[in-house]
Protein chains: 2
Amino acid sequence: MTSVGNERNLTIRDVAQRAGVSISTVSRVINGKKVRDELQVNVQRVLNEMNFRPSAVARSMVRGRTQTVGVLVEDISSSYYAEMIKGIERILERTGHHPLFKSSHWNLQLEEEALQVFLDHNVDAIVVVGGLISEARLQDLAARMPLVLVGRVGVSVDAPTINLDQQGGAYGATRHLIELGHRQIVHISGPTSQEDAVARRLGYLDAMRDHGLEVRPDWLCEGDFLETSAFRATMQLIENATPFTAIFAGNDQMALGVNLALHRKGLRVPDDVSVVGFDDLPVSAYVVPPLTTIRQPAQQVGELAAHAAVSLMAGEAAQLAPLDLKLIVRESTRAVRR
Amino acid sequence: MTSVGNERNLTIRDVAQRAGVSISTVSRVINGKKVRDELQVNVQRVLNEMNFRPSAVARSMVRGRTQTVGVLVEDISSSYYAEMIKGIERILERTGHHPLFKSSHWNLQLEEEALQVFLDHNVDAIVVVGGLISEARLQDLAARMPLVLVGRVGVSVDAPTINLDQQGGAYGATRHLIELGHRQIVHISGPTSQEDAVARRLGYLDAMRDHGLEVRPDWLCEGDFLETSAFRATMQLIENATPFTAIFAGNDQMALGVNLALHRKGLRVPDDVSVVGFDDLPVSAYVVPPLTTIRQPAQQVGELAAHAAVSLMAGEAAQLAPLDLKLIVRESTRAVRR
DNA sequence: GTGAAAGCGCTAACAT
DNA sequence: ATGTTAGCGCTTTCAC
């Protein structure tokens with residue numbers, strides 16, 4: 001049976017001894033440097049026999065690089081971030097780098113701690129997704145090591161930044177409803193402490209204004225990007241007899257909350273009320289009715305961020321292809337009934 | 001402004017020099033060992049001033065421990081694993097350990113590679129969730145280092161194993177349908193290459209048999225745990241005019257696929273067909289109608305696994321509290337129409 | 001209690 | 001081309 005890894009804790013010395021060469025020769029063989037054919041073959045054989053693998057820790061120590069990339073997200077288990085992480089994994093795997101994921105749960109202190117851990121562990125690059133870290137701190141980081149920012153709009157940090165046009169996406173979502181004849185459109189936003197939530201709300205406001213539609217104050221609700229908040233907001237709306245024919249939720253999770261509230265109140269989607277979400281989560285195509293939404297290419301964002309990090313680590317400039325949000329029309333929206 | 005981490009790459013020598021003491025004294029202060037009060041205060045001040053943090057890599061090198069735990073899952077971005085990961089993060093954070101997550105995508109070779117990476121990086125413990133790694137290999141690993149297994153039923157490896165009674169859960173799901181008067185119950189299982197899928201199918205079969213119900217061959221479908229497969233299977237069932245009044249899907253994602261197919265064919269849930277899922281994903285409570293399902297306490301599983309790993313690393317035996325699956329009755333099931 | 005020195009496993013000069 | 005040696009930054013004997 002082939003054993004996984006070293007039998008005990010073998011070192012390069014053990015290999016050298018067994019092969020009857022010096023440790024540098026073993027090191028050279030391991031690293032594919034020039035060695036006399038005869039020795040090369042012999043050492044390689046011993047290497048295989050002993051199932052030897054060099055210690056990544058020792059290599060990191062001497063090389064000053066660890067082949068790891070710190071990735072800071074709000075919540076690993078949230079669908080959107082999870083998708084992004086998948087993209088990051090895929091790219092880094094190819095380049096022999098290892099992502100180190102940390103969740104900060106929208107908590108500034110946890111973010112700082114995570115960064116500190118990355119620094120302590122001497123990661124070769126850091127990817128910061130969203131978050132509350134100050135611009136100054138990010139700039140500080142960027143000056144010292146490869147840093148890639150995702151979803152931090154409006155920061156002037158000297159680091160490649162990947163942003164999707166949240167405002168434009170929200171504008172498109174709202175316009176879609178308007179084009180279907182809706183005039184009374186509610187928007188349930190995410191928490192205004194988050195940039196994305198604010199940008200999307202702005203997009204909604206812009207679209208309404210551009211089409212000459214007034215926004216009733218009670219059409220603007222604030223949720224927290226989770227299902228329950230939107231569920232409650234929608235129940236409230238109905239109980240208050242607020243008039244509306246469509247709801248644009250700040251993300252798909254909240255759109256689900258909206259759906260359920262409408263269902264509870266005996267309103268049908270899309271016959272009575274049209275609903276649009278944002279993100280296009282994997283489940284969104286399968287809920288009943290399938291959700292019209294704005295697709296965020298989360299995996300691609302992750303891939304792009306990883307590519308940028310790899311470039312930076314190689315001392316090259318990062319190439320940032322523009323990524324687009326796309327309206328995905330499914331079955332939760334229809335022309336307003338006249 | 002407080003800077004994150006070291007200005008350049010400060011070492012313990014720089015601190016020693018500035019504080020006018022030896023590096024051992026600095027080391028002692030950092031590690032909270034006995035040092036003369038006067039020196040202690042002085043060194044600590046310099047430490048703070050310089051914003052010094054010891055290199056985790058160097059510490060790992062000399063201590064032989066890295067404070068990291070390798071966690072191998074099939075797919076980080078899958079809801080169920082993501083929840084578990086959250087539980088693992090939460091516990092390890094408290095003990096100062098850092099999880100290193102790897103996805104293996106149901107690919108044996110990727111699993112082996114991930115393990116190898118863990119070993120190379122000298123992780124202090126490994127948590128293997130499900131997967132295809134052979135029992136022999138796991139035993140090999142367990143003999144050499146702290147290893148915790150999750151969801152590997154029937155392996156006789158000398159390592160703490162956390163298992164939920166998948167078969168029992170499926171039995172309960174099926175019995176729930178039977179108690180509602182259903183007799184014609186379809187089961188769409190996950191891929192039979194996965195232990196969980198097989199166990200759940202067995203639970204279904206047991207329940208049917210125990211209640212004297214025959215299982216038509218075409219009531220047993222095999223999906224792949226993803227929405228689409230169940231969608232297709234359900235469409236097929238209806239097109240073949242297979243008689244059924246309820247469907248037990250192997251997981252919630254497939255239950256969503258079932259829902260959509262029923263919707264497409266004009267069948268109502270639960271009025272025409274009852275549907276039960278498995279897992280209780282965060283979204284399951286918010287789809288319309290809210291899904292009746294078997295709750296797997298994914299986060300708790302993660303927490304338990306992390307606790308076990310921590311115990312093992314401390315040289316203690318792991319305490320494994322039993323975790324239960326629970327039937328969550330929501331609105332996708334109702335008594336069969338007579 | 002404190003400092004000098006050895007050494008964790010490896011790579012990269014530097015000799016040979 | 002190969003071996004010898006000096007560290008990488010830290011912890012930990014071991015003397016004092």
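Note: hydrogens, waters and symmetry copies are ignored here, and every other heavy atom, side chains too, is used. To find a chain, count down the sequence lines: A is the first, B the second, and so on, and within it residues start at 1.
Residue A:R59 places at least one side-chain N or O closer than 4.0 Å to OP1 or OP2 of C:dT11. Dashed line: the shortest gap from a side-chain N or O of B:K33 to OP1 or OP2 of D:dT12 is under 4.0 Å. Remark: A:T25 is in phosphate contact with D:dG3, judged by side-chain N or O atoms under 4.0 Å from OP1 or OP2.
Rounded to whole Å, atom C1' of C:dA4 lies 9 Å from atom CD1 of B:I23. Residue A:I12 contributes atom CD1, which lies 16 Å from atom C1' of C:dG7 at whole-angstrom precision. Atom CZ in A:R13 sits roughly 10 Å away from atom C1' in C:dG7 (whole-Å rounding). When rounded to the nearest whole Å, the span between CG of B:L10 and C1' of D:dG9 equals 12 Å. Here the C1' atom of nucleotide D:dC8 and the CE atom of B:M61 are 10 Å apart, to the nearest Å. Counting to the nearest Å, the P atom of C:dA12 and the CG atom of A:N31 are 7 Å from each other. Rounding to whole angstrom units, CG of residue A:D120 and C1' of D:dG9 are separated by 13 Å. When rounded to the nearest whole Å, the span between CZ of B:R63 and P of D:dT12 equals 7 Å.
Across the interface with DNA chain C, nearest-nucleotide mapping of A:V26 and B:D37 shows B:D37 to be the residue nearer the 5′ end.
Of the candidate nucleotides D:dC10, C:dG3, C:dC10, C:dC10 has the atom lying nearest to any side-chain atom of A:F52.
B:S27 comes within 4.0 angstrom of a nucleotide base, judged by non-hydrogen atoms across all strands. Within the 4.0 angstrom heavy-atom criterion, base atoms lie near B:V62. Among the protein residues, A:V57 comes within range of no part of the nucleic acid, since none of its heavy atoms lies under 4.0 Å from any strand. Counting non-hydrogen atoms under 4.0 angstrom, B:L39 reaches the backbone sugars and phosphates but no base.
Evaluation of atom-type donor-acceptor distances gives a pair under 3.5 Å for the side chain of A:S24 against the base of D:dT4.
Only one option out of B:T68, B:V57, B:T66 pairs with A:H121 in a side-chain contact (heavy atoms from CB on, under 4.5 Å); it is B:T68.
Taking a cutoff of 4.0 Å between a charged side-chain nitrogen and a carboxylate oxygen, A:D124 and A:R65 do not qualify as a salt bridge.
Side-chain atoms of B:E111 do not come within 3.5 Å of backbone N or O of B:W106 as any donor-acceptor pair. A donor-acceptor pair under 3.5 Å is formed between the side chain of A:S311 and the backbone N or O of A:H307.
The minimum heavy-atom distance linking B:S103 with B:E74 is given by the pair CB-O, 3.7 Å.
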